[in-house]
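Heads up, the thing below is written out as C-alpha coordinates.
By convention in this document, chain letters (A, B, ...) are assigned in the order of the sequence lines, proteins followed by strands, and residues within each chain are numbered from 1.
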There are 2 protein chains.
Amino acid sequence: MNVMNDSPRRKELTRQAAQLFVQEGFDRTTVRMLAQEMGIKSGSLFHHFRDKQEILAAVIEEGTQNALLIARASLESCDHTPEARLQAMARAHLETLLTDRNAHVVALYEWRRLDPEARDHLIHLRDAYEALWEAVIDEALDAGLIHGDRFLVSRFVMGALNWTVRWYDPAGPRSPDDLAHELVAMITQRPA
Amino acid sequence: MNVMNDSPRRKELTRQAAQLFVQEGFDRTTVRMLAQEMGIKSGSLFHHFRDKQEILAAVIEEGTQNALLIARASLESCDHTPEARLQAMARAHLETLLTDRNAHVVALYEWRRLDPEARDHLIHLRDAYEALWEAVIDEALDAGLIHGDRFLVSRFVMGALNWTVRWYDPAGPRSPDDLAHELVAMITQRPA
DNA sequence: AATTTACACTAGCGCTTGCTTGGTTGCCCC
DNA sequence: GGGGCAACCAAGCAAGCGCTAGTGTAAATT
(Lines give C-alpha, C1' and ligand atoms only; values in the text may rest on other atoms or scores of the structure.)
Protein backbone atom coordinates (compact mmCIF):
# COMPACT_ATOMS: atom_id res chain seq x y z
CA MET A 1 0.00 0.00 0.00
CA ASN A 2 2.57 2.55 1.03
CA VAL A 3 6.19 2.97 2.02
CA MET A 4 7.86 3.57 5.31
CA ASN A 5 11.47 4.14 4.30
CA ASP A 6 13.35 7.28 5.24
CA SER A 7 13.25 9.11 1.93
CA PRO A 8 14.30 12.75 1.84
CA ARG A 9 10.70 13.65 1.10
CA ARG A 10 9.62 11.96 4.29
CA LYS A 11 12.26 13.83 6.27
CA GLU A 12 10.95 17.15 5.04
CA LEU A 13 7.37 16.19 5.83
CA THR A 14 8.48 15.16 9.31
CA ARG A 15 10.06 18.55 9.87
CA GLN A 16 6.84 20.30 8.88
CA ALA A 17 4.79 18.02 11.08
CA ALA A 18 6.99 18.87 14.04
CA GLN A 19 6.19 22.52 13.69
CA LEU A 20 2.45 21.91 13.63
CA PHE A 21 2.65 19.56 16.60
CA VAL A 22 4.36 22.31 18.58
CA GLN A 23 1.83 24.95 17.55
CA GLU A 24 -1.30 22.90 18.13
CA GLY A 25 -0.35 19.83 20.10
CA PHE A 26 -0.48 16.34 18.66
CA ASP A 27 -4.13 15.58 19.38
CA ARG A 28 -5.42 18.88 18.01
CA THR A 29 -3.38 18.54 14.84
CA THR A 30 -5.57 16.79 12.28
CA VAL A 31 -4.32 14.85 9.31
CA ARG A 32 -6.01 17.47 7.15
CA MET A 33 -3.98 20.23 8.78
CA LEU A 34 -0.81 18.23 8.33
CA ALA A 35 -1.59 17.60 4.67
CA GLN A 36 -2.32 21.25 4.00
CA GLU A 37 0.96 22.31 5.60
CA MET A 38 2.71 19.78 3.39
CA GLY A 39 0.93 20.98 0.27
CA ILE A 40 -0.88 17.70 -0.42
CA LYS A 41 -4.32 16.26 0.28
CA SER A 42 -5.04 14.28 3.41
CA GLY A 43 -5.32 10.97 1.62
CA SER A 44 -1.84 11.32 0.15
CA LEU A 45 -0.36 11.59 3.59
CA PHE A 46 -0.86 7.89 4.18
CA HIS A 47 1.43 7.07 1.33
CA HIS A 48 4.35 8.31 3.44
CA PHE A 49 3.21 7.28 6.91
CA ARG A 50 1.22 4.26 8.01
CA ASP A 51 -0.86 6.35 10.38
CA LYS A 52 -0.83 9.54 12.43
CA GLN A 53 1.05 7.88 15.26
CA GLU A 54 3.92 7.07 12.96
CA ILE A 55 4.38 10.75 12.16
CA LEU A 56 4.76 11.50 15.86
CA ALA A 57 7.30 8.71 16.25
CA ALA A 58 9.25 9.98 13.24
CA VAL A 59 9.43 13.48 14.66
CA ILE A 60 10.71 12.33 18.03
CA GLU A 61 13.16 9.84 16.56
CA GLU A 62 14.68 12.47 14.32
CA GLY A 63 15.22 14.91 17.17
CA THR A 64 16.65 12.39 19.62
CA GLN A 65 19.01 10.92 17.06
CA ASN A 66 20.39 14.36 16.29
CA ALA A 67 20.86 15.15 19.96
CA LEU A 68 22.81 11.96 20.40
CA LEU A 69 25.04 12.71 17.40
CA ILE A 70 25.79 16.25 18.53
CA ALA A 71 26.52 15.22 22.10
CA ARG A 72 28.92 12.48 20.99
CA ALA A 73 30.72 14.80 18.59
CA SER A 74 30.94 17.47 21.24
CA LEU A 75 32.45 15.09 23.78
CA GLU A 76 35.03 13.87 21.33
CA SER A 77 36.27 17.31 20.39
CA CYS A 78 36.63 18.86 23.85
CA ASP A 79 39.28 18.76 26.54
CA HIS A 80 39.32 15.69 28.71
CA THR A 81 38.86 17.53 31.99
CA PRO A 82 35.64 16.84 33.87
CA GLU A 83 34.70 20.50 33.77
CA ALA A 84 35.22 20.82 30.04
CA ARG A 85 33.18 17.70 29.45
CA LEU A 86 30.34 18.94 31.62
CA GLN A 87 30.29 22.15 29.71
CA ALA A 88 30.48 20.40 26.36
CA MET A 89 27.43 18.30 27.20
CA ALA A 90 25.47 21.30 28.42
CA ARG A 91 26.37 23.34 25.36
CA ALA A 92 25.54 20.48 23.01
CA HIS A 93 22.17 20.04 24.72
CA LEU A 94 21.32 23.71 24.32
CA GLU A 95 22.54 23.85 20.74
CA THR A 96 20.30 20.94 19.84
CA LEU A 97 17.44 22.86 21.36
CA LEU A 98 18.23 25.66 18.97
CA THR A 99 18.55 23.72 15.75
CA ASP A 100 15.89 21.07 16.45
CA ARG A 101 13.65 22.95 18.80
CA ASN A 102 10.36 21.74 17.39
CA ALA A 103 11.28 18.09 17.56
CA HIS A 104 12.46 18.40 21.15
CA VAL A 105 9.42 20.28 22.31
CA VAL A 106 7.30 17.53 20.79
CA ALA A 107 9.43 14.87 22.49
CA LEU A 108 8.95 16.54 25.85
CA TYR A 109 5.25 17.28 25.61
CA GLU A 110 3.84 14.48 23.51
CA TRP A 111 5.90 11.51 24.64
CA ARG A 112 2.89 9.99 26.34
CA ARG A 113 0.88 10.01 23.12
CA LEU A 114 3.20 7.41 21.62
CA ASP A 115 1.77 3.94 21.41
CA PRO A 116 3.65 1.25 23.35
CA GLU A 117 5.61 -0.16 20.40
CA ALA A 118 6.98 3.20 19.32
CA ARG A 119 7.76 4.08 22.91
CA ASP A 120 9.71 0.88 23.39
CA HIS A 121 11.85 1.69 20.42
CA LEU A 122 12.45 5.34 21.28
CA ILE A 123 13.16 4.75 24.94
CA HIS A 124 16.41 3.06 24.00
CA LEU A 125 17.54 6.12 22.10
CA ARG A 126 16.71 8.33 25.05
CA ASP A 127 18.47 6.03 27.47
CA ALA A 128 21.59 6.17 25.34
CA TYR A 129 21.52 9.95 25.52
CA GLU A 130 20.98 10.03 29.27
CA ALA A 131 23.76 7.51 29.75
CA LEU A 132 26.18 10.00 28.20
CA TRP A 133 25.10 12.53 30.78
CA GLU A 134 25.42 10.20 33.70
CA ALA A 135 28.91 9.17 32.65
CA VAL A 136 30.03 12.80 32.49
CA ILE A 137 28.44 13.54 35.85
CA ASP A 138 30.11 10.49 37.36
CA GLU A 139 33.48 11.81 36.23
CA ALA A 140 32.76 15.19 37.77
CA LEU A 141 31.72 13.55 41.03
CA ASP A 142 34.82 11.36 41.12
CA ALA A 143 37.03 14.36 40.48
CA GLY A 144 35.40 16.22 43.35
CA LEU A 145 34.19 18.94 41.00
CA ILE A 146 30.62 18.51 42.23
CA HIS A 147 29.17 16.68 45.21
CA GLY A 148 26.04 14.81 46.11
CA ASP A 149 23.89 11.89 45.11
CA ARG A 150 24.69 10.64 41.63
CA PHE A 151 21.07 10.00 40.72
CA LEU A 152 19.70 13.24 42.08
CA VAL A 153 22.40 15.46 40.64
CA SER A 154 21.91 14.13 37.14
CA ARG A 155 18.14 14.50 37.41
CA PHE A 156 18.45 18.06 38.65
CA VAL A 157 20.85 19.01 35.88
CA MET A 158 18.75 17.41 33.16
CA GLY A 159 15.72 19.16 34.61
CA ALA A 160 17.35 22.55 34.57
CA LEU A 161 18.42 22.02 30.95
CA ASN A 162 15.23 20.52 29.63
CA TRP A 163 13.24 23.29 31.23
CA THR A 164 15.02 25.81 29.04
CA VAL A 165 12.64 25.02 26.17
CA ARG A 166 9.98 26.86 28.14
CA TRP A 167 11.83 30.16 28.50
CA TYR A 168 14.96 30.28 26.37
CA ASP A 169 14.85 32.81 23.57
CA PRO A 170 17.46 32.14 20.89
CA ALA A 171 17.07 35.73 19.69
CA GLY A 172 17.92 37.06 23.14
CA PRO A 173 21.32 38.23 24.40
CA ARG A 174 22.42 34.89 25.86
CA SER A 175 24.09 32.23 23.72
CA PRO A 176 23.90 28.51 24.45
CA ASP A 177 27.53 28.80 25.48
CA ASP A 178 26.64 31.47 28.06
CA LEU A 179 23.97 29.25 29.54
CA ALA A 180 26.24 26.23 29.66
CA HIS A 181 28.89 28.28 31.41
CA GLU A 182 26.47 29.62 33.97
CA LEU A 183 24.98 26.23 34.71
CA VAL A 184 28.34 24.58 35.25
CA ALA A 185 29.42 27.51 37.38
CA MET A 186 26.31 27.17 39.48
CA ILE A 187 26.80 23.53 40.34
CA THR A 188 30.58 23.74 40.70
CA GLN A 189 30.32 26.99 42.61
CA ARG A 190 32.95 28.90 40.69
CA PRO A 191 32.37 32.45 39.52
CA ALA A 192 30.81 32.54 36.08
CA MET B 1 -28.59 27.93 32.39
CA ASN B 2 -25.95 26.70 34.79
CA VAL B 3 -23.74 27.83 37.65
CA MET B 4 -20.07 28.63 37.89
CA ASN B 5 -19.60 29.21 41.60
CA ASP B 6 -17.13 27.26 43.66
CA SER B 7 -19.43 24.82 45.41
CA PRO B 8 -17.93 21.86 47.27
CA ARG B 9 -19.42 19.59 44.63
CA ARG B 10 -17.57 21.45 41.93
CA LYS B 11 -14.32 21.16 43.88
CA GLU B 12 -14.70 17.40 44.05
CA LEU B 13 -15.49 17.17 40.36
CA THR B 14 -12.41 19.26 39.63
CA ARG B 15 -10.25 16.86 41.60
CA GLN B 16 -11.57 13.90 39.62
CA ALA B 17 -11.09 15.72 36.35
CA ALA B 18 -7.46 16.37 37.24
CA GLN B 19 -6.80 12.68 37.56
CA LEU B 20 -8.31 11.89 34.19
CA PHE B 21 -6.43 14.74 32.53
CA VAL B 22 -3.19 13.28 33.85
CA GLN B 23 -4.03 9.76 32.71
CA GLU B 24 -5.26 10.63 29.25
CA GLY B 25 -4.24 14.18 28.52
CA PHE B 26 -6.73 17.00 28.15
CA ASP B 27 -7.57 16.54 24.48
CA ARG B 28 -8.08 12.79 24.75
CA THR B 29 -10.31 13.12 27.77
CA THR B 30 -13.88 13.35 26.49
CA VAL B 31 -16.75 14.93 28.36
CA ARG B 32 -18.32 11.47 28.47
CA MET B 33 -15.26 10.06 30.23
CA LEU B 34 -15.29 12.93 32.68
CA ALA B 35 -18.98 12.44 33.39
CA GLN B 36 -18.56 8.71 33.96
CA GLU B 37 -15.69 9.28 36.38
CA MET B 38 -17.92 11.72 38.23
CA GLY B 39 -20.86 9.33 38.29
CA ILE B 40 -23.15 11.52 36.22
CA LYS B 41 -24.19 11.77 32.58
CA SER B 42 -22.36 13.96 30.13
CA GLY B 43 -25.17 16.47 29.86
CA SER B 44 -25.15 17.10 33.60
CA LEU B 45 -21.54 18.13 33.45
CA PHE B 46 -22.50 21.41 31.84
CA HIS B 47 -24.52 22.34 34.85
CA HIS B 48 -21.29 22.74 36.83
CA PHE B 49 -18.95 24.04 34.12
CA ARG B 50 -19.66 26.30 31.20
CA ASP B 51 -17.54 24.15 28.88
CA LYS B 52 -14.65 21.73 28.85
CA GLN B 53 -12.10 24.51 28.88
CA GLU B 54 -13.46 25.78 32.18
CA ILE B 55 -12.74 22.41 33.80
CA LEU B 56 -9.13 22.66 32.75
CA ALA B 57 -8.88 26.19 34.12
CA ALA B 58 -10.45 25.09 37.41
CA VAL B 59 -7.94 22.27 37.80
CA ILE B 60 -4.95 24.50 37.22
CA GLU B 61 -6.25 27.32 39.38
CA GLU B 62 -6.82 24.97 42.29
CA GLY B 63 -3.29 23.57 42.12
CA THR B 64 -1.54 26.88 41.74
CA GLN B 65 -3.48 28.48 44.54
CA ASN B 66 -2.51 25.68 46.89
CA ALA B 67 1.14 25.93 45.92
CA LEU B 68 1.09 29.62 46.71
CA LEU B 69 -0.51 29.05 50.11
CA ILE B 70 1.94 26.34 51.11
CA ALA B 71 4.97 28.33 49.97
CA ARG B 72 3.88 31.41 51.92
CA ALA B 73 3.19 29.40 55.06
CA SER B 74 6.50 27.63 54.72
CA LEU B 75 8.42 30.88 54.40
CA GLU B 76 6.74 32.35 57.45
CA SER B 77 7.54 29.44 59.71
CA CYS B 78 11.22 28.91 58.90
CA ASP B 79 14.44 30.54 60.03
CA HIS B 80 15.30 33.81 58.41
CA THR B 81 18.65 32.72 57.04
CA PRO B 82 18.97 32.65 53.24
CA GLU B 83 19.83 28.97 53.33
CA ALA B 84 16.83 28.01 55.45
CA ARG B 85 14.54 30.03 53.21
CA LEU B 86 15.90 28.41 50.07
CA GLN B 87 15.33 25.03 51.58
CA ALA B 88 11.87 25.93 52.79
CA MET B 89 10.83 26.97 49.29
CA ALA B 90 12.26 23.83 47.73
CA ARG B 91 10.58 21.60 50.31
CA ALA B 92 7.25 23.39 49.93
CA HIS B 93 7.45 23.00 46.17
CA LEU B 94 8.07 19.27 46.44
CA GLU B 95 5.40 18.76 49.07
CA THR B 96 2.84 20.43 46.85
CA LEU B 97 3.88 18.03 44.14
CA LEU B 98 3.01 15.22 46.51
CA THR B 99 -0.37 16.41 47.72
CA ASP B 100 -1.58 18.04 44.51
CA ARG B 101 0.36 16.06 41.99
CA ASN B 102 -2.42 15.69 39.43
CA ALA B 103 -3.19 19.36 39.29
CA HIS B 104 0.46 20.28 38.85
CA VAL B 105 1.10 17.74 36.17
CA VAL B 106 -1.88 19.16 34.30
CA ALA B 107 -0.59 22.69 34.80
CA LEU B 108 2.78 21.74 33.35
CA TYR B 109 1.57 19.69 30.41
CA GLU B 110 -1.70 21.30 29.40
CA TRP B 111 -1.03 24.96 30.03
CA ARG B 112 -1.02 25.66 26.31
CA ARG B 113 -4.50 24.20 25.89
CA LEU B 114 -5.97 27.07 27.93
CA ASP B 115 -7.81 29.67 25.94
CA PRO B 116 -6.39 33.21 26.12
CA GLU B 117 -8.82 34.53 28.73
CA ALA B 118 -8.17 31.73 31.19
CA ARG B 119 -4.45 32.00 30.58
CA ASP B 120 -4.48 35.72 31.31
CA HIS B 121 -6.11 35.08 34.63
CA LEU B 122 -3.90 32.19 35.68
CA ILE B 123 -0.66 33.78 34.61
CA HIS B 124 -0.97 36.25 37.45
CA LEU B 125 -1.21 33.45 39.97
CA ARG B 126 1.86 31.80 38.53
CA ASP B 127 3.77 35.05 38.50
CA ALA B 128 3.01 35.54 42.18
CA TYR B 129 4.45 32.13 42.91
CA GLU B 130 7.57 32.70 40.86
CA ALA B 131 8.07 36.09 42.51
CA LEU B 132 8.39 34.31 45.84
CA TRP B 133 11.16 32.21 44.38
CA GLU B 134 13.03 35.09 42.89
CA ALA B 135 12.95 37.01 46.16
CA VAL B 136 14.44 34.07 48.02
CA ILE B 137 17.09 33.59 45.36
CA ASP B 138 17.94 37.29 45.48
CA GLU B 139 18.55 37.01 49.21
CA ALA B 140 20.81 34.02 48.68
CA LEU B 141 22.75 35.90 46.01
CA ASP B 142 23.12 38.99 48.18
CA ALA B 143 24.34 36.87 51.07
CA GLY B 144 26.94 35.25 48.82
CA LEU B 145 25.43 31.83 49.40
CA ILE B 146 25.14 31.25 45.67
CA HIS B 147 26.60 33.09 42.70
CA GLY B 148 25.65 33.88 39.15
CA ASP B 149 23.06 35.61 37.04
CA ARG B 150 19.86 36.24 38.96
CA PHE B 151 17.60 35.37 36.05
CA LEU B 152 19.44 32.26 34.99
CA VAL B 153 19.87 30.83 38.47
CA SER B 154 16.19 31.10 39.26
CA ARG B 155 15.26 29.52 35.92
CA PHE B 156 17.67 26.66 36.46
CA VAL B 157 16.42 26.00 39.97
CA MET B 158 12.77 26.13 38.95
CA GLY B 159 13.58 23.82 36.07
CA ALA B 160 15.28 21.27 38.28
CA LEU B 161 12.31 21.31 40.66
CA ASN B 162 9.51 21.31 38.11
CA TRP B 163 11.18 18.46 36.29
CA THR B 164 10.76 16.26 39.37
CA VAL B 165 7.17 15.52 38.37
CA ARG B 166 8.60 13.38 35.61
CA TRP B 167 10.68 11.08 37.78
CA TYR B 168 9.96 11.58 41.46
CA ASP B 169 8.35 8.61 43.14
CA PRO B 170 6.69 9.51 46.45
CA ALA B 171 6.74 5.84 47.44
CA GLY B 172 10.50 5.68 46.99
CA PRO B 173 13.17 6.07 49.67
CA ARG B 174 13.66 9.81 49.26
CA SER B 175 11.46 12.33 51.04
CA PRO B 176 10.74 15.82 49.70
CA ASP B 177 12.98 17.04 52.50
CA ASP B 178 15.84 14.89 51.21
CA LEU B 179 15.47 16.31 47.74
CA ALA B 180 15.31 19.88 49.00
CA HIS B 181 18.47 19.31 51.02
CA GLU B 182 20.31 17.83 48.08
CA LEU B 183 19.29 20.57 45.70
CA VAL B 184 20.36 23.37 48.03
CA ALA B 185 23.59 21.54 48.72
CA MET B 186 24.24 21.23 45.01
CA ILE B 187 23.97 24.92 44.27
CA THR B 188 25.63 26.11 47.50
CA GLN B 189 28.37 23.51 47.25
CA ARG B 190 28.20 22.19 50.80
CA PRO B 191 28.24 18.48 51.58
CA ALA B 192 24.75 17.05 51.60
C1' DA C 1 7.13 -1.37 -25.66
C1' DA C 2 5.48 -3.14 -21.40
C1' DT C 3 5.49 -2.97 -16.58
C1' DT C 4 6.40 -1.23 -12.15
C1' DT C 5 7.04 2.34 -8.84
C1' DA C 6 6.24 6.71 -6.47
C1' DC C 7 3.20 10.08 -5.47
C1' DA C 8 -0.83 12.37 -5.78
C1' DC C 9 -5.93 12.80 -6.26
C1' DT C 10 -11.37 12.47 -5.10
C1' DA C 11 -14.90 10.78 -2.42
C1' DG C 12 -16.69 9.34 1.54
C1' DC C 13 -17.45 5.66 5.43
C1' DG C 14 -18.14 4.93 10.15
C1' DC C 15 -17.54 6.89 14.29
C1' DT C 16 -16.72 10.35 18.06
C1' DT C 17 -16.63 14.90 19.51
C1' DG C 18 -18.33 19.04 22.52
C1' DC C 19 -22.35 20.80 23.56
C1' DT C 20 -27.68 21.78 23.55
C1' DT C 21 -32.39 20.94 24.44
C1' DG C 22 -36.32 20.05 27.08
C1' DG C 23 -37.78 17.84 30.81
C1' DT C 24 -37.64 15.29 35.53
C1' DT C 25 -36.26 14.54 40.32
C1' DG C 26 -35.84 15.40 45.24
C1' DC C 27 -34.82 18.55 48.87
C1' DC C 28 -35.49 23.03 51.46
C1' DC C 29 -38.10 26.70 53.21
C1' DC C 30 -41.89 29.67 53.90
C1' DG D 1 -48.12 21.74 50.87
C1' DG D 2 -46.57 24.16 47.27
C1' DG D 3 -43.07 27.23 44.97
C1' DG D 4 -38.20 27.44 43.93
C1' DC D 5 -34.03 25.60 42.68
C1' DA D 6 -29.84 22.82 42.24
C1' DA D 7 -28.84 18.59 40.23
C1' DC D 8 -29.60 15.37 37.15
C1' DC D 9 -31.15 12.72 32.79
C1' DA D 10 -32.27 10.97 27.80
C1' DA D 11 -31.76 12.09 23.32
C1' DG D 12 -29.56 13.93 19.70
C1' DC D 13 -27.41 17.58 16.49
C1' DA D 14 -23.76 19.44 13.61
C1' DA D 15 -19.18 19.17 12.92
C1' DG D 16 -15.11 17.01 12.62
C1' DC D 17 -12.18 12.92 13.10
C1' DG D 18 -8.70 9.13 11.22
C1' DC D 19 -8.43 6.44 7.63
C1' DT D 20 -9.69 3.61 3.21
C1' DA D 21 -10.81 2.64 -1.56
C1' DG D 22 -10.13 3.29 -5.99
C1' DT D 23 -8.05 6.02 -9.71
C1' DG D 24 -4.70 9.00 -12.47
C1' DT D 25 -0.14 9.98 -14.10
C1' DA D 26 4.61 10.79 -14.94
C1' DA D 27 9.09 8.81 -14.37
C1' DA D 28 12.04 4.79 -13.82
C1' DT D 29 13.00 -0.01 -14.82
C1' DT D 30 12.87 -4.11 -17.50
Side-chain angles (χ1 to χ4, degrees), chain A residues 1-21 23-60 106 110 112-119, chain B residues 1-60 106 109-110 112-119:
Chain A
M1 212 67 92
N2 50 10
V3 242
M4 304 170 309
N5 58 3
D6 35 37
S7 62
R9 178 87 174 118
R10 187 174 141 130
K11 269 226 165 98
E12 171 61 13
L13 297 180
T14 301
R15 216 185 46 77
Q16 289 176 310
Q19 191 184 344
L20 258 184
F21 287 163
Q23 267 174 43
E24 309 286 332
F26 176 70
D27 290 321
R28 284 175 124 85
T29 304
T30 69
V31 293
R32 287 166 180 79
M33 291 163 66
L34 286 165
Q36 189 173 24
E37 183 83 4
M38 296 167 178
I40 57 180
K41 301 294 176 182
S42 73
S44 314
L45 208 155
F46 295 91
H47 172 75
H48 301 279
F49 303 93
R50 194 198 322 265
D51 53 25
K52 196 187 162 192
Q53 279 277 339
E54 200 181 79
I55 309 180
L56 177 60
V59 166
I60 295 182
V106 170
E110 316 285 358
R112 292 141 32 94
R113 300 318 173 249
L114 289 168
D115 54 28
E117 313 133 48
R119 188 150 37 195
Chain B
M1 211 68 93
N2 51 11
V3 242
M4 305 170 309
N5 58 3
D6 36 36
S7 61
R9 179 84 176 119
R10 187 174 140 131
K11 268 224 165 101
E12 171 62 14
L13 298 180
T14 301
R15 215 185 45 78
Q16 289 176 312
Q19 190 183 344
L20 259 183
F21 287 162
V22 168
Q23 268 175 41
E24 309 288 332
F26 176 70
D27 290 321
R28 283 178 126 83
T29 305
T30 69
V31 294
R32 287 166 180 78
M33 292 163 67
L34 286 165
Q36 190 173 24
E37 183 84 3
M38 297 167 177
I40 58 179
K41 301 295 177 183
S42 73
S44 316
L45 209 156
F46 295 90
H47 172 74
H48 300 279
F49 302 92
R50 195 197 321 262
D51 53 25
K52 197 186 165 192
Q53 280 275 340
E54 200 180 79
I55 310 181
L56 176 61
V59 167
I60 296 182
V106 171
Y109 277 94
E110 315 286 359
R112 291 140 35 92
R113 299 322 173 245
L114 288 167
D115 55 27
E117 312 134 48
R119 189 151 36 195

Output a table of donor-acceptor pairs, distance under 3.5 Å, between side-chain atoms of residues 31-41 of chain B and any protein atom two or more places apart or on a different chain; print 'none' if there are none.
none

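Rounded to an integer number of Å, the gap from A:K41 NZ to D:dG22 C1' is 18 Å. The distance from atom CZ of A:F49 to atom C1' of C:dA6 is 15 Å, rounded to the nearest whole Å. Counting to the nearest Å, the C1' atom of D:dC8 and the NE2 atom of B:H47 are 8 Å from each other. What separates CD of B:E24 from C1' of C:dT16 is a distance of 15 Å, to the nearest Å. When the P atom of D:dC9 is taken as reference, atom CG of B:L45 falls 11 Å away, rounded to whole Å. For the pair A:R10 CZ and C:dC7 P, the computed distance is 12 Å after rounding to whole Å. Here the P atom of nucleotide D:dA6 and the CE atom of B:M38 are 19 Å apart, to the nearest Å.
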Working for side-chain contact (heavy atoms from CB on, under 4.5 Å), residues B:R9 and B:L13: CA-CA 6 Å; B:R9 179 84 176 119; B:L13 298 180; 3.7 Å; yes
Start with the C-alpha gap between A:F26 and B:D27, add the side-chain angles, then the distance that decides, and say whether side-chain contact (heavy atoms from CB on, under 4.5 Å) holds. CA-CA 9 Å; A:F26 176 70; B:D27 290 321; over 6 Å; no
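A:F21 does not carry A:R113 over the face of its six-membered ring by the limits of under 6.0 Å from the centre and within 45° of the normal.
The side chain of B:S44 contributes no N or O atom lying less than 4.0 Å from OP1 or OP2 of D:dA7. For the OP1/OP2 pair of C:dA8 and a distance below 4.0 Å, the side-chain nitrogens and oxygens of A:R9 include at least one atom meeting the criterion.
Between A:L45 and A:I55 the shortest side-chain heavy-atom distance falls below 4.5 Å.
The pair B:R15-B:E12 meets the salt-bridge criterion, since a charged nitrogen lies less than 4.0 angstrom from a carboxylate oxygen.
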Between the protein and nucleotides 17-19 of chain C, are there any N/O to N/O pairs under 3.5 Å, and if so, what are the atom names and distances?
unit_1, atom_1, unit_2, atom_2, d
C:dG18, OP1, B:T29, O, 3.4
C:dG18, OP1, B:K52, NZ, 2.8
C:dG18, OP2, B:V31, N, 3.0
C:dG18, N7, B:R32, NH1, 3.0
C:dG18, O6, B:R32, NH2, 3.0
C:dC19, OP2, B:K52, N, 2.8

